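The structure appears right after this line, and notes come after that.
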Amino acid sequence: MSNRIRRVRSRAGWEIPESRVTPEGAAFPRRMILGAAASLAGGGMLGRAAAATPAPGFDPGRPLTLAEDATTYNNFYEFGTDKDIWQAAQRLPLSPWTIEIAGLVKTPRRIAIDDLVRQVPLQDRVYRHRCVEAWAMTVPWTGFPLSALLDIAEPTGSAKYVVFQTLADPKVMPGLGQSWYPWPYTEGLTIAEAHNDLAFIATGLYGKPLLPQNGGPIRLVTPWKYGFKSAKSLVRISFTEKRPSTFWEAIASNEYGFWANVNPAVPHPRWSQASERLIGTDERVPTQIYNGYGSYVAGLYAGMSNERLFM
Ligand SMILES: Nc1nc2c(c(=O)[nH]1)N[C@H]1C(S)=C(S)[C@@H](COP(=O)(O)O)O[C@H]1N2
Ligand SMILES: [Mo]
């Protein structure tokens, strides 16, 4: 199957092998690297881009978060509102998994995740992650550009938004018992945002298939936006002409908007966004506009001053 993973030429700064990330002895234990190599044999194609090529030097400016931290400190409300849902999330069966492609597309259909990953260029990318709650991580994803999924989905000319929907299965997700939340979890992007090179669909983390607590087997990653935009465990991707109502916007539109771009100068109504806490070290560092990815994404929002872009 490996011949079906197309070799991609690295063009952008975020396409960086883990080895180039600021080394901090403790932050990237050797056993994790060994574990990643071992998973190549057993984990199928989801976990690591076998064809990923070395990229030009780009330093995210931070050490990688420990895998142990990034996989045990999570937001996944379907399993509960606390950060320690990782054990509860193990009940989520990751295979078989199909995604529905629906709405304004040439041919609505279902696609098995294994068939999907054979059609896309798998890559490794190290991204900063900034939760709206002002904590942050830096993690190595494996996956493919969201634009590759759009090419497969073939939205029609009238499609203006992409809507991402998470599984909602009360048999395995105790959080769904909190019936006041507007399940299923949905998020959305404009088609232009979805075509941006940064917008990513992850199937792996730290060289292994994505664990349930991190949104396995497949999730969205939009690193210039607050973390809640990056919907987990996707079962449906649909295309609409109207802007969708999204999970957090429906809960509190004055606190969590549709755009949700990171901006240290725009406080959340209940706390400052000027700095963030790094998970693992608890160090506080200044937050950057667009989470430091402005050179890639700021152009998307040129002339949109009437929108609440940063909430
Ligand atoms: N379906 C779903 N997706 C979700 C969430 C959630 O509760 N449910 N939480 C979001 C929030 S607030 C954050 S910060 C990130 C956390 O991702 P991580 O746990 O992999 O770090 O997932 C996002 N995606
Ligand atoms: Mo978040």
Side-chain angles (χ1 to χ4, degrees), residues 64-92 94 97 99 125-143 163-170 172-178 180-189 199-206 208-237 244 246-252 255-257 260-262 268 270-271 273 276-280 287 291 311:
L64 278 187
T65 301
L66 276 174
E68 290 87 333
D69 291 327
T71 57
T72 58
Y73 185 96
N74 301 99
N75 270 335
F76 203 160
Y77 275 47
E78 286 83 340
F79 293 98
T81 52
D82 295 332
K83 295 290 181 282
D84 63 355
I85 53 75
W86 69 272
Q87 278 162 312
Q90 303 313 309
R91 291 176 62 193
L92 180 65
L94 301 187
W97 193 277
I99 294 184
R125 294 189 183 186
V126 175
Y127 278 163
R128 291 184 297 275
H129 170 91
R130 172 58 155 84
C131 177
V132 73
E133 299 163 329
W135 53 266
M137 301 196 190
T138 304
V139 294
W141 303 102
T142 302
V163 188
F164 303 86
Q165 185 177 313
T166 299
L167 177 75
D169 181 353
V172 295
M173 295 170 148
L176 299 191
Q178 301 189 294
W180 54 94
Y181 284 117
W183 313 110
Y185 196 103
T186 50
E187 260 307 336
L189 298 173
F200 200 62
I201 297 288
T203 58
L205 186 62
Y206 296 94
K208 298 178 182 176
L210 205 50
L211 295 169
Q213 61 268 37
N214 293 105
I218 186 165
R219 73 176 292 178
L220 176 65
V221 185
T222 50
W224 71 100
K225 295 176 175 287
Y226 290 116
F228 66 84
K229 294 294 294 184
S230 295
K232 294 180 164 182
S233 305
L234 301 174
V235 290
R236 189 172 194 264
I237 294 173
T246 50
F247 182 81
W248 282 107
E249 191 183 25
I251 292 166
E255 302 196 359
Y256 313 102
N261 296 308
V262 174
H268 182 277
R270 292 183 282 128
W271 58 83
Q273 296 290 27
E276 60 207 47
R277 177 175 63 92
L278 303 185
I279 296 305
T287 290
N291 200 23
M311 190 161 285

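All values derive from a computational prediction rather than experimental measurement. Each ligand, and each atom within it, is numbered from 1 in the order the structure gives.
What you find for I85 and F79 is that their closest heavy atoms are CG2-O, 3.4 Å.
Here's the thing with W141: none of its N/O atoms is less than 3.5 angstrom from an N/O atom of ligand 1. Polar contact check, N214 against ligand 1: a nitrogen or oxygen pair lies under 3.5 Å apart. For ligand 1, one of its N or O atoms has an N or O atom of Y77 under 3.5 Å away.
With a heavy-atom cut-off of 4.0 Å, W248 does not touch ligand 1 at all. Under 4.0 Å from ligand 1, heavy atoms of F228 appear from its side chain as well as its backbone. Residue H129 touches ligand 1 through its side chain alone, judged by heavy-atom distances below 4.0 Å. Contact annotation for N74 and ligand 1: heavy atoms of both the backbone and the side chain come within less than 4.0 Å of the ligand.
One option in W86, Y73, Y185, F247 has a heavy atom closer to atom 2 (C) of ligand 1 than any other, and that option is Y185.
Salt bridge E133/K83: present, at least one basic N to carboxylate O contact under 4.0 Å.
In this structure, W183 has its ring center under 6.0 Å from that of F247.
In terms of protein heavy-atom proximity, atom 3 (N) of ligand 1 is closest to K232 N, 3.2 Å.
When side chains are defined from C-beta on, Y185 does not count as touching S233, because their heavy atoms never get closer than 4.5 Å.
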